[in-house]
Amino acid sequence: MAAQPKLQHRPLGKGGLSVSAIGLGCMSLSGIYGAADDAVSEDLIRHAIDRGVDHFDSSDMYGWGHNERVLGKALKGRRDQVVLATKFGQVERPGQSNGVNGRPEYVIEACEASLKRLGVDVIDLYYQHRADPAVPVEETVGAMAKLVAQGKVRFLGLSEAAPDRIRRAHAVHPIAAVQTEYSLLYRQEAEETRKTTVELGIGFVAYSPLGRGFLTGALKSLADIDGRRAAHPRFQEANFDTNRALVAKIETIAAEKGCTPSQVTLAWLLAQGPDVVAIPGTRHANRLDENIGALDVALTAVEVERISAAVPAGAAAGTRYPAGGMSAVYI
């Protein structure tokens, strides 16, 4: 096998963890945005590794275990080439919105289940996916720290945690990474969070960096919206045209740069600071290759500012989750 190309790497935290600046968010491999074929998904993961991607982000709630099993199969024989991240904390409640569980005993139980599904002995980066308001974060992270001591987890992370929660968690055990939605369309909470993570030396992992596909330029009318996207306010009729007009501005800048909207969007995101990495999701190898191509797009400080001004913070119409989902983020 040919040697893997070496993509740009960035540190997550101060403990020695380093990942490719662009990784792969694996959620869409479990039918979230349309049917996914497991064999194709496994090939995509292996293709990503061949291209130099080494940061793979999963969760026990993506397909309620399905995603971890697919990722585990794809990594057989290649485990030492990747940084494997997964999450716990959301629990299935059929017929209702997801619940949360941050109790210490559940942390241990969830990790054991993820290790088994992934078919590995250790998880490189283990996140609390959603905060449990009923359990002090100190107790949850205390249990996560025990997993590190036992050698079952290497580094700890938080997803959608507000600054105070991050500080409290970091005081119990070093947090390597915080993960929050971060893109040109939705960045106010992420930018507020980064004031804290930069101060504490915590890496920032941007999920949905392409605005759940909006910033690719592929979603041009309401007729293009189906499945899970239809439930998100940004894609609904009252908001679509406003957001589509913002994307059109990025398309213009991308055309001038000779790259795609996805590439200029990801290049802008990575230009926000050396602490930022992105995990765009896709089911398609050509899209993955396109995303990696963002690493070759050089932006001047003037260009970064022009892009920021084209889509000002807070300009997007519609919240980033439906009402029920918004109650569980940035807390």
Side-chain angles (χ1 to χ4, degrees), residues 12-13 15 17 25-27 30 57-65 67-68 84-118 122-181 189-190 192-193 196-197 200 202-205 207-208 279 320-331:
L12 290 180
L17 181 62
C26 295
M27 184 177 74
S30 291
D57 182 90
S58 185
S59 170
D60 62 2
M61 67 80 58
Y62 299 161
W64 300 111
N67 203 265
E68 291 179 327
L84 179 57
T86 194
K87 315 179 201 70
F88 75 93
Q90 297 202 57
V91 293
E92 189 173 16
R93 298 191 303 177
Q96 304 178 65
S97 60
N98 294 348
V100 291
N101 191 338
R103 295 195 306 272
E105 61 272 22
Y106 180 73
V107 175
I108 305 303
E109 174 188 326
C111 181
E112 293 291 351
S114 286
L115 288 167
K116 184 175 181 179
R117 285 188 294 263
L118 289 162
V122 61
I123 294 164
D124 295 312
L125 179 55
Y126 199 44
Y127 291 91
Q128 182 181 19
H129 200 167
R130 291 290 185 269
D132 184 346
V135 180
V137 69
E138 291 85 354
E139 294 184 14
T140 304
V141 175
M144 294 167 72
K146 290 181 179 178
L147 294 169
V148 176
Q150 293 169 359
K152 295 177 180 178
V153 169
R154 293 178 60 220
F155 297 94
L156 303 184
L158 300 174
S159 177
E160 288 291 355
D164 178 65
R165 190 176 299 273
I166 295 167
R167 288 186 184 280
R168 289 165 54 197
H170 193 66
V172 174
H173 187 280
I175 300 298
V178 168
Q179 183 176 132
T180 297
E181 180 170 1
E189 292 172 345
E192 188 63 29
T193 299
T196 297
T197 55
L200 297 176
I202 298 171
F204 195 95
V205 177
Y207 78 78
S208 295
I279 48 168
R320 56 191 182 95
Y321 282 99
M326 286 302 295
S327 67
V329 297
Y330 195 61
I331 61 174

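Note that these values count all heavy atoms, side chains included, but never hydrogens, waters or copies made by symmetry. All residue numbers refer to positions in the sequence shown, counting from 1.
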Any chance you could measure [X], atom [atom1], to [Y], atom [atom2], to the nearest 0.5 Å?
X: Thr196; Y: Ile166; atom1: OG1; atom2: CD1; result: 6.0 Å
X: Ile123; Y: Thr86; atom1: CD1; atom2: OG1; result: 6.0 Å
X: Asp164; Y: Arg167; atom1: CG; atom2: CZ; result: 8.5 Å

Classify the ring geometry of Phe88 against Tyr106: parallel below 30°, tilted from 30° to 60°, perpendicular beyond 60°. tilted
Closest approach of [X] to [Y] (non-hydrogen atoms, all atoms of both residues):
X: Gln128; Y: Ala131; result: NE2-CA, 3.7 Å
X: Leu125; Y: Ala176; result: CD1-CB, 4.4 Å
X: His173; Y: Ala145; result: CD2-CB, 3.7 Å
X: Arg130; Y: Ser159; result: NH1-OG, 3.4 Å
X: Leu158; Y: Ala169; result: CD1-CB, 3.6 Å
X: Met326; Y: Tyr321; result: CG-O, 3.2 Å

Check whether any side-chain N or O of [X] sits under 3.5 Å from a backbone N or O of [Y] as a donor-acceptor pair, and report yes or no.
X: His170; Y: Ile175; answer: yes
X: Lys87; Y: Ser58; answer: yes
X: Asn67; Y: Tyr62; answer: no
X: Arg103; Y: Val135; answer: no

So do Arg117 and Asp60 actually touch side chain to side chain, heavy atoms under 4.5 Å? yes
Can you check whether Met144 reaches Val153 side chain to side chain, under 4.5 Å on heavy atoms? no
Taking only residues two or more places apart in sequence, or in another chain, which ones meet Tyr126 in a side chain to side chain donor-acceptor pair (under 3.5 Å)? none
Expected list for residues 107-116: side-chain donor-acceptor pairs under 3.5 angstrom, two or more places apart:
| unit_1 | atom_1 | unit_2 | atom_2 | d |
| --- | --- | --- | --- | --- |
| Glu112 | OE2 | Lys152 | NZ | 2.2 |
| Ser114 | OG | Glu68 | OE1 | 3.2 |
| Ser114 | OG | Glu68 | OE2 | 2.8 |
| Ser114 | OG | Ala110 | O | 3.4 |

Identify the residue among Asn98, Asp132, Asn101 that makes a side chain to side chain contact (heavy atoms under 4.5 Å, CB included) with Gln90. Asn98
Under the ring pair (Phe, Tyr, Trp, His ring centres under 6.0 Å) test, which residues partner Tyr330, sequence neighbours left out? none
